[in-house]
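Contents: one structure, followed by commentary.
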Amino acid sequence: MRILVATDAWEPQVNGVVRTLTRTVAELRAMGHAVEVISPDLFKTFPLPTYPEIKVAIGCYEPVQERFKAFEPEAIHIATEGPIGLAARRICVEWKLPFTTSYHTRFPEYVSARLPLPLAAGYAYMKWFHKPSGRVMVATPTMRDELAGHGFRNISSWSRGVDTEVFRPRKSGEPDIFEGLPRPISLYVGRVAVEKNIEAFLGLDLPGAKVVVGPGPSKDELAAKYPEVVFTGPKSGADLSAAYNCADVFVFPSLTDTFGLVILEAMASGTPVAAYPAPGPIDIIPGSGAGALAHSPTEGLKEACLEALKLDRKQVRAFAEKFSWRACAEDFVRNLQPYPEPEKTRFWRRLRRLARVRRRRPEAA
């Protein structure tokens, strides 16, 4: 198929949404699909207030429209609810093109953590945005049930994957990058931002040392407040893999994520996970033998960390090996809503004819 993906989240951003989309697109192309990605790097952008690492596209409606016309997609997926997603949504609604969307972030909770806006306002926007979508793809059953409770319709599951060659247990003889720090090492990887609830981890009375890997707007403030915590800044590639596999427990305190790819990356590295019972962890961890959950969304994270330290790292790795990016991409394709033949051919032929007529009119005048 010719698949168009419109997204406000793309490289060089580093987060779970970007990793999911880039890996899915790579798998789709390996499967033989032609994929056009409309992303912020194609437009003028400005830094998102309070989060300068994220670039927001401006003036994108007409360029997005031209890319639709040039590519003539058979299936359209709108991954995010920002300016590019809005432009693609408007085009699909105006042209009566079928499309799908995905729900990657608990956007209303994310906004409420940063701005004095009620949750109801955030959910009203999200319901409006996703209402015309043929399918709203979500990563977990918990997220599906939560959105259904808020009145969302046409919700479908879209699995996630992990690269088990990049993220793997530490081999014998490989250096311990945390050598010299007191053990056990409790690790957090991800954005250092208020919506990630990181202070719930940093404030715990845990044995050993705490390490935080990742960039974000709260990094300097938290590093000053918790001088005993090691803040490494961002890591990637082999350095990130080593951070995971040299840690003793991975701590995931977020309550706003819809999945948490870092959970699978830690598990693939053989490192057990401790988390709150929020969407993502509550779908992955119970019965896995690869992690432990706190007993509530606000209490018990310390106990979960101590319990996770007792788990068999080989069993943790074995659980992560069940997830693959190819299965994730196959899920994605099954969820798409392709424009049916022969309507698709007629539509794009008619659009091309109209474009030729419009180009000739000035010459005739």
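As the structure is a computational prediction, the values presented were derived from the model and not from experiment.
Results of the salt bridge (charged side-chain N to carboxylate O under 4.0 Å, His left out) test with E72 over R352, R67, R2 single out R352 as the only residue that passes.
Under the 3.5 Å distance criterion, with hydrogens and angles disregarded, a donor-acceptor pair is assigned to the side chains of D331 and S159. Checked by atom type, the side-chain pair T258/H104 shows no donor-acceptor distance below 3.5 Å.
Atom CG of L255 is separated from atom OH of Y276 by 7.0 Å, given to the nearest 0.5 angstrom. Atom CZ of R326 is separated from atom OG1 of T24 by 11.0 Å, given to the nearest 0.5 angstrom. Going from atom CE of M267 over to atom CG of L311 covers 9.0 Å, rounded to the nearest 0.5 Å. Between W325 atom CH2 and D163 atom CG the span is 9.0 Å, to the nearest 0.5 Å. Taking OG of S324 as the reference point, atom CD of E27 lies at 7.5 Å (rounded to 0.5 Å). Residue N15 holds its CG atom at 8.5 Å from OG1 of T20, rounded to the nearest 0.5 Å.
By the 4.5 Å side-chain criterion applied to Ile, Leu, Val, Met, Phe, Trp and Tyr, V5 is assigned to a cluster that also includes M1, I3, W10, V17, L21, V25, L28, M31, V35, V37, M137, W158, F332, V333, L336.
Residues A292 and I285 come closest through the heavy atom pair N-CG2, 3.6 Å. The two residues A266 and V273 make their nearest non-hydrogen contact at CB-CG2, 4.0 Å. Between L301 and P253, the shortest heavy-atom distance links the atoms CD2-CB, 4.2 Å. Between P338 and A75 the shortest heavy-atom distance is CA-CB, 4.1 Å. Minimum interatomic distance between T164 and A268 (heavy atoms only, all atoms of both residues): CG2-CB, 4.4 Å. Nearest approach of V189 to F250, heavy atoms of both residues: N-CE1, 3.3 Å.
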Practice prompt. With side chain to side chain contact (heavy atoms under 4.5 Å, CB included) as the test, would you mind laying out the steps for S218 and I198 before giving the verdict?
Written response: CA-CA 10 Å; S218 300; I198 298 174; over 6 Å; no

Fill in: Verdict with supporting geometry, E11 and V18, side chain to side chain contact (heavy atoms under 4.5 Å, CB included)
CA-CA 7 Å; E11 296 171 330; V18 173; 3.9 Å; yes

Practice prompt. Test side chain to side chain contact (heavy atoms under 4.5 Å, CB included) on Y103 and T101 and set out the steps.
Written response: CA-CA 7 Å; Y103 197 99; T101 56; over 6 Å; no

Practice prompt. Under the side chain to side chain contact (heavy atoms under 4.5 Å, CB included) rule, what do Y61 and I91 come out as? Steps first, then yes or no, please.
Written response: CA-CA 8 Å; Y61 174 70; I91 291 164; 3.6 Å; yes

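Checking side-chain atoms of S156 against main-chain N and O of N335 turns up no donor-acceptor pair under 3.5 Å. In this structure, N154 contributes its side chain and V136 its backbone to no donor-acceptor pair below 3.5 Å. For the pair K55 (side chain) and P12 (backbone), a donor-acceptor distance under 3.5 Å is absent. Under a 3.5 Å cut-off, the side chain of D8 and the backbone N or O of G85 do form a donor-acceptor pair.
Within the 4.5 Å cutoff, side-chain heavy atoms of I84 are placed close to those of P40. With a 4.5 Å cut-off on side-chain heavy atoms, I263 and I284 count as touching. Looking only at side-chain heavy atoms (C-beta outward), P63 and L42 stay at 4.5 Å or farther from each other. The shortest distance between side-chain heavy atoms of F201 and V212 falls below 4.5 Å. At least one side-chain heavy atom of E81 sits under 4.5 Å from a side-chain heavy atom of H130. Taking 4.5 Å as the limit, every side-chain heavy atom of I78 sits out of range of all side-chain heavy atoms of S133. Side-chain contact between P277 and P297 is present, with heavy atoms from C-beta onward closer than 4.5 Å. P286 is listed as a side-chain neighbour of L293, based on a closest heavy-atom distance under 4.5 Å.
Considering only residues two or more places apart in sequence or on other chains, E165 meets the side-chain hydrogen bond (donor to acceptor under 3.5 Å, both in side chains) condition with none of them. The side-chain contact (heavy atoms from CB on, under 4.5 Å) test applied to I155 returns V138, R144, L147, A148, F152, not counting sequence neighbours. Take F178 and apply the ring-ring contact (aromatic ring centres under 6.0 Å, His included) test, not counting sequence neighbours, and it matches no residue. Listed by chain and number, the residues in a side-chain contact (heavy atoms from CB on, under 4.5 Å) with N245 are R168, R170, S241, A242, S269 (sequence neighbours excluded). Listed by chain and residue number, nothing satisfies the side-chain hydrogen bond (donor to acceptor under 3.5 Å, both in side chains) test with S186 (two or more places apart in sequence, or in another chain). Remark: P207 pairs with P184, L306 by the side-chain contact (heavy atoms from CB on, under 4.5 Å) rule, at least two apart or across chains.
With hydrophobic clusters built from ILVMFWY side chains whose heavy atoms lie under 4.5 angstrom apart, V316 shares a cluster with L240. Note on F71 and W348: same hydrophobic cluster, where clusters join Ile, Leu, Val, Met, Phe, Trp and Tyr whose side-chain heavy atoms are under 4.5 Å apart, directly or indirectly. A chain of hydrophobic side-chain contacts below 4.5 Å, direct or via other Ile, Leu, Val, Met, Phe, Trp or Tyr residues, connects L86 to Y123. Follow the hydrophobic side-chain contacts under 4.5 Å out from V251 and you never reach Y244; the two are in separate clusters. No chain of hydrophobic side-chain contacts below 4.5 Å, direct or via other Ile, Leu, Val, Met, Phe, Trp or Tyr residues, connects L206 to L187.
For residues 124-133, there are no salt bridge (charged side-chain N to carboxylate O under 4.0 Å, His left out) pairs, not counting sequence neighbours. For residues 219-245, every residue pair satisfying the salt bridge (charged side-chain N to carboxylate O under 4.0 Å, His left out) rule, not counting sequence neighbours, is listed here: E199-K225. Applying the salt bridge (charged side-chain N to carboxylate O under 4.0 Å, His left out) test to every pair with at least one member in residues 148-161, sequence neighbours left out, gives no pairs at all. The side chain to side chain donor-acceptor pair (under 3.5 Å) contacts involving residues 299-315 comprise T271-R313, where partners must be two or more places apart or lie in separate chains. Legend: salt bridge (charged side-chain N to carboxylate O under 4.0 Å, His left out) pairs involving residues 253-271, not counting sequence neighbours, sorted by first then second residue: R19-E265, K196-D257.
Note on ring orientation: taking the six-membered ring where Trp is involved, the planes of F319 and F323 are perpendicular (angle over 60°, cut-offs 30° and 60°).
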